[in-house]
Number of protein chains: 2
Amino acid sequence: MNKRTKLKDIADQLGISITTVYRALNNKSDINEETKRKILDLANELEYRPNSLAISLRKNKMIPLVGVILPIINHYFFATVLKGIMSNAHLHNSLIIAGESLQDPTKEKRILDQFMDQGVSGIIMAPARNSNFEKNIIPLLHKRTPIVIIDRMYDHYKGNYVLTDDYGGGYKATQHLLDNGYKRIAHIGSTDDKSIGTERRKGYVAALNDAGIFPKEEYIILSDIDNPDTTIEKGYEAAAILFKLKNPPDAVFAVTDDIAIGVIEYAKENNIFIPEELGIVGFSNSKMSNYIRPRLTTVEQNGFKMGQLAFDYFSKASSSYGEVFQKTFDLDLIIRESSLGKK
Amino acid sequence: MNKRTKLKDIADQLGISITTVYRALNNKSDINEETKRKILDLANELEYRPNSLAISLRKNKMIPLVGVILPIINHYFFATVLKGIMSNAHLHNSLIIAGESLQDPTKEKRILDQFMDQGVSGIIMAPARNSNFEKNIIPLLHKRTPIVIIDRMYDHYKGNYVLTDDYGGGYKATQHLLDNGYKRIAHIGSTDDKSIGTERRKGYVAALNDAGIFPKEEYIILSDIDNPDTTIEKGYEAAAILFKLKNPPDAVFAVTDDIAIGVIEYAKENNIFIPEELGIVGFSNSKMSNYIRPRLTTVEQNGFKMGQLAFDYFSKASSSYGEVFQKTFDLDLIIRESSLGKK
DNA sequence: TAAGTTTCCGTAAACGTTTACGTAAATTTC
DNA sequence: GAAATTTACGTAAACGTTTACGGAAACTTA
């Protein structure tokens, strides 16, 4: 394995200076065409490849580099958040260095460290499901690293964030089912008590309570929805449990569109008519929700806007110390067929 | 806006040498505990972070920063490719800097330049629809930047790539429709003649020809599918055109699952029964394809594997000069309800 | 107390590229 | 044909970290 050629190798072989070689390879002026040709030929032969490390070091370019960490990169919502971040980053000539925590706080921490070592100017992140804020995120604040949190909250966090009103979304969804005549409204949520699912569940409970209803424990099924590739199956399984109850529900508010779709799957296979026998509301307004039959009523979550705003906040936070930027997006219900009401 | 602290800053403030500071910060021997403490304290206060560029340069280790450019970041296939790239990058302690070209060659070029300026060690990219290889990609080869192309090809490109056999996929899909008794097989493709759609269309034509059929021009509809948010609508519109023909087709091979779903939409609204009256095959095995009714027969494209391999190739290309790595993945047909054959 | 041993720190040269500056030789200008 | 300009190169010092080497001062040993 012969070593990688550098400018000096070419210079030595041709008996000229490094600078001249440099000029030839970078289309600089002050060089003879003949010399240039010889240099380019030799560079070609020796397969010269510039050392980007040395270049960056010399140029002192630790460019505007923003670290973005998301739990699942090929999840539509998060991918769209990333798209939103990028769209604004592009306008500011910022570069995005991306990582996927796969909902693993340890991995998340590792990525954060890598990013900081790499010299990112700050972090925009949607924390992992049960991310350790104290260990992973708070230390960054102490180091005055600009950071914007997306989509998930932690009680003692007082920094910048862009959230959605998950509580309100859960409330609206449940209220909507009540308004459409459903009485026995079940909920399929996430096992994780730190997830945003908790807020949606609280909204669900609150809406029921406000209507004088106190949901039975058996109507609330918590499911492990860590793996996005199996979420639909989890919805299916949860539905199976619900419909084996003595007194099955007549509506389901699912914490996720995918879960809701799993429920629809189950209902179809078991000849349970939607929305006549079963009303369903999901969460996210995923692409699929509009094309499954019946079309799924869902709560809209605009990832693109959230991403854009997150980058804006990041920008501001980077240039002004002390100031804090926070926003909670209201969520709108998108009413479609799956919750049209009982016959 | 104060500059990033370096060893020299700490050394100067304490009136000691850089080497001593280095020793303190790296747990080396030959240092007094008292001195060490002072250095660590100051380093903490000044928020010292080692310059990874300088470290890697001195240690002769390439910095593991890979630029990834994709046409559409929140498209499931591309997002999954990204996930695959990341999964392997993670194993190699590589970092991913990501950009979205939005199918715009100008933007693509700009991102490439930004990435090179930032000192990425190379590029993995799925070129934009009508990317200008000569202008955007070939120059990188001349600079000996390691590069791996995904998903799209250009005749004169002789470098590393990871492709799918789109021609074969189109052939298989069409053949499958023929095998199931469909005779008048239409195709909805992409307007862009440089896109992968062309290969799929060629496969379609070839399969028909091999069966002694020469498709009418009116059975091939090309649609502008640039915007992923409207692709389904485009499929719907194309179907509308097809079914207003005097002699409408009895099957459609769509260049994309989303297009196929648009066709299904149209069929449902117009009481055209699938698969009895109309067979449909899509392309991509998108998540949705398995949950739309009827379930969509489609050609599987394993983005995750492609991403992983792309990173592997990138790794190899970075350390071995001259060698070229190329792979074309065979595509499997996933047979579901939408093409079960005529009654 | 002279010689040997630690302890602690500094000097200077790398890593590969970029760039300000300098300067012979060749060319142009008047 | 002397002066001014241009052409085509070279020198050396950066960028921030690492490391081989050397050497005073403090401490030990006989």
Side-chain angles (χ1 to χ4, degrees), chain A residues 2-40 42-43 46-63 65 116-120, chain B residues 2-40 42-43 46-65 116-122 143-146 318-319 321:
Chain A
N2 30 5
K3 298 201 73 173
R4 184 177 175 132
T5 22
K6 49 192 176 188
L7 294 182
K8 189 171 188 309
D9 299 331
I10 300 176
D12 287 352
Q13 278 197 44
L14 293 177
I16 57 180
S17 79
I18 291 179
T19 309
T20 303
V21 177
Y22 169 77
R23 280 193 268 252
L25 292 172
N26 291 70
N27 278 319
K28 298 286 177 185
S29 53
D30 288 355
I31 188 165
N32 180 287
E33 278 304 323
E34 167 71 8
T35 317
K36 185 170 181 173
R37 205 189 40 71
K38 276 198 287 189
I39 294 173
L40 290 179
L42 185 57
L46 297 181
E47 289 172 339
Y48 169 75
R49 200 180 284 173
N51 181 326
S52 53
L53 288 181
I55 297 175
S56 303
L57 176 61
R58 169 62 224 229
K59 290 192 172 168
N60 226 333
K61 271 193 177 170
M62 278 306 209
I63 293 194
L65 192 58
M116 294 312 291
D117 288 347
Q118 191 57 234
V120 296
Chain B
N2 29 6
K3 300 198 73 173
R4 185 176 171 134
T5 28
K6 48 191 177 189
L7 293 182
K8 189 170 188 309
D9 299 331
I10 300 176
D12 287 351
Q13 277 195 45
L14 293 176
I16 57 181
S17 80
I18 292 178
T19 310
T20 303
V21 177
Y22 170 77
R23 278 192 269 254
L25 292 172
N26 292 70
N27 277 320
K28 298 286 176 184
S29 54
D30 288 355
I31 189 167
N32 178 288
E33 277 304 324
E34 167 70 8
T35 317
K36 184 169 180 173
R37 206 189 41 71
K38 276 199 286 189
I39 294 173
L40 290 179
L42 186 57
L46 296 182
E47 290 169 348
Y48 170 75
R49 267 187 183 279
N51 181 325
S52 55
L53 289 180
I55 295 176
S56 305
L57 176 61
R58 170 63 222 231
K59 291 191 171 167
N60 241 325
K61 272 189 184 170
M62 271 313 269
I63 226 190
L65 189 59
M116 296 310 292
D117 287 348
Q118 167 68 7
V120 296
S121 57
K143 288 191 176 174
R144 311 185 184 311
T145 308
S318 299
S319 52
Y321 310 126

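Letters go in sequence order (proteins before strands), and every chain restarts at 1.
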>> I'd like to check the side-chain contact (heavy atoms from CB on, under 4.5 Å) partners of Leu40(B); sequence neighbours left out, ordered by chain and number.
In response: Leu25(B), Lys36(B)
> Rounding to a whole Å, what distance do you find between Asp9(B):CG and dT17(D):C1'?
Replying inline: 13 Å
> Side chain of Asn26(B): nearest nucleotide among dT18(D), dC9(C), dT17(D)?
Replying inline: dT18(D)
>> Do Ile39(B) and Ile16(B) have side chains that approach each other closer than 4.5 Å (heavy atoms only, starting at C-beta)?
In response: yes
>> I'd like to check the side-chain contact (heavy atoms from CB on, under 4.5 Å) partners of Glu34(A); sequence neighbours left out, ordered by chain and number.
In response: Asn32(A), Arg37(A), Lys38(A)
> Less than 4.5 Å apart, any side-chain heavy atom of Tyr48(B) and any of Asp9(B)?
Replying inline: no
Using nucleotides 19-21 of chain D, report all nitrogen or oxygen pairs with the protein that are shorter than 3.5 Å.
residue, atom, partner, partner atom, Å
dT19(D), OP2, Tyr22(B), OH, 3.3
dT19(D), O4, Thr19(B), OG1, 3.2

>> Of the options dG10(D), dC9(C), dG16(D), whose atoms approach the side-chain atoms of Ile31(B) most closely?
In response: dC9(C)
> Arg23(B): what forms a side-chain contact (heavy atoms from CB on, under 4.5 Å) with it, not counting sequence neighbours?
Replying inline: Thr19(B), Thr20(B), Lys28(B), Asp30(B), Ile31(B)
> Of the candidate nucleotides dT17(C), dT17(D), dT11(D), which contains the atom at the shortest distance from the side chain of Tyr48(B)?
Replying inline: dT17(D)
>> Between P on dC9(D) and NZ on Lys38(A), what's the gap in Å once rounded to a whole number?
In response: 9 Å
> In whole angstrom, what separates Glu33(A)'s CD from dA26(C)'s P?
Replying inline: 19 Å
> With nearest nucleotides of DNA chain C determined for Ala54(B) and Val21(B) from heavy-atom distances, which residue corresponds to the more 5′ nucleotide?
Replying inline: Val21(B)
>> Please report the distance, rounded to the nearest Å, between CZ in Arg49(A) and P in dC15(C).
In response: 20 Å
>> Angle between the two end axes of the helix from dT1(C)-dA30(D) to dC30(C)-dG1(D), five base pairs per end, rounded to 10 degrees?
In response: 40°
> What nucleic acid atoms does Ser29(A) come within less than 4.0 Å of, heavy atoms only: base, sugar-phosphate, or nothing?
Replying inline: nothing
> Is there side-chain contact between Pro50(B) and Lys6(B), with heavy atoms separated by less than 4.5 Å?
Replying inline: no
>> Please report the interatomic distance CG(Leu57(A)) to OG(Ser52(A)), rounded to the nearest 0.5 Å.
In response: 11.0 Å
> Which listed nucleotide (dG10(D), dC15(C), dG10(C)) is nearest to the side chain of Asn60(B)?
Replying inline: dC15(C)
>> Measure CG/Asn32(B) against P/dT7(C) and give the value in whole Å, please.
In response: 12 Å
> Checking all strands, does Leu57(A) fall into the base, sugar-phosphate, or nothing category for heavy-atom contacts under 4.0 angstrom?
Replying inline: base
> How close or far is atom C1' of dC9(D) from atom CG of Leu7(A), stated in whole angstroms?
Replying inline: 15 Å
> Over how many whole Å does the gap from Arg4(B) atom CZ to dC15(D) atom P extend?
Replying inline: 15 Å
>> Just N and O in the side chain of Thr35(B): are any of them under 4.0 Å from OP1 or OP2 of dC9(C)?
In response: yes
> Are any of the side-chain heavy atoms of Gln13(B) and Leu46(B) separated by less than 4.5 Å?
Replying inline: yes
>> As an exercise, state the distance from CZ of Arg4(B) to CD of Glu47(B), rounded to the nearest 0.5 Å.
In response: 11.0 Å
> Listed by chain and number, what are the side-chain hydrogen bond (donor to acceptor under 3.5 Å, both in side chains) partners of Lys8(B), not counting sequence neighbours?
Replying inline: Asp12(B)
>> Tell me the interatomic distance from Glu34(B), atom CD, to dA26(D), atom C1', rounded to whole angstroms.
In response: 17 Å
